[in-house]
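Just so you know, ligand 1 is whichever comes first in the structure, and atom 1 is the first atom listed for that ligand. Heavy atoms only: backbone and side chains are in, while hydrogens, waters and symmetry mates are out.
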Amino acid sequence: HPLWQNSVYDPVLKPLKISYDPTTCLHIWNNGYSFLVEFDDSADRSIIVGGPLENQYRLKQFHFHWGAINEWGSEHTVDCKFYPAELHLVHWNAVAYPTFEEAVMEGDGLAVIGVFLKLGAHHEGLQTLVDALPAIKHKDTVIEFDVFDPSCLIPQCPDYWTYAGSLTTPPLTESVTWIIKKQPIEVDENQLEAFRMLLFTSDGEEEKRMVDNFRPLQPLMNRTVRSSFQ
Ligand SMILES: NS(=O)(=O)c1ccc(C(=O)NCc2cccc(F)c2F)cc1
Ligand SMILES: [Zn+2]
């Protein structure tokens, strides 16, 4: 999604408030499309509020999209530039809807924080995830993941873009308030290569490396992207 050129500064936008409880972390698994870290979302223990949001939203999972090479991989672009990978932290509106499945069908149901990954310095916090990847190489493999604070993957800079969009995989429902952080996080080549070692395929099937698991750019049409910064 082309950010920046067509964005308008909105002075009304508030800072996003993020409060995650690291002990709500449950497990990390390979679902055949990406790898996900899932959280206990049975109570308001890991939530975000503020920013463009009317309600508070509960963290359910986070996952990544990445390319086969460093030239592409993200699902949003800035100034026509792709990043090698993009993190999505998926939250749902548990104030308005009883379940995630119902929230997915509603315009104000989900809020996804997008964070760009850029090639650079080693990322200590990400390494904890990278160390777990060999154990979930194949589709439908899962390992327990006791404590992880996803805040370590979110840049300090408060600046973000926001727009009303959709899930980037089926059912592609238009239920997502996208909140894309302007500042990328830096990860090193070995960490990106570790993502590319995962497989789309199950154990015993012909191996297909999990790469290029991003949706191609979609036309902006008449959508407005707002920025929290000038
Ligand atoms: N890339 S992203 O951040 O836009 C994205 C986030 C979540 C999901 C998801 O939960 N899919 C499974 C799922 C589960 C239950 C009900 C659903 F409709 C559904 F899509 C898909 C894409
Ligand atoms: Zn995603």
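Within the 6.0 Å centre-distance limit, the rings of Trp178 and His76 are counted as a close aromatic pair. The ring of Phe62 has its center closer than 6.0 angstrom to the ring center of Phe148.
Following chains of ILVMFWY side-chain contacts shorter than 4.5 Å, one cannot reach Leu117 starting from Trp72, and the two form parts of different hydrophobic clusters.
A salt bridge links Lys60 with Asp41: the closest approach of a Lys/Arg side-chain nitrogen to an acidic carboxylate oxygen falls below 4.0 angstrom.
Atom ND1 is the N, O or S atom of His88 at the shortest distance from the Zn ion (ligand 2).
Between Arg58 and the options Asp21, Asp40, Asp44, a salt bridge (Lys or Arg N to Asp or Glu O under 4.0 Å) holds for only Asp44.
Of the N and O atoms on the side chains of Asn70 and Glu189, at least one donor lies less than 3.5 Å from an acceptor on the other residue.
Contacts of ligand 1 (protein heavy-atom distance under 4.0 Å) are Gln61, His63, His65, His88, Val90, Phe100, Glu101, Val104, Val112, Leu167, Thr168, Thr169, Pro170, Pro171, Trp178.
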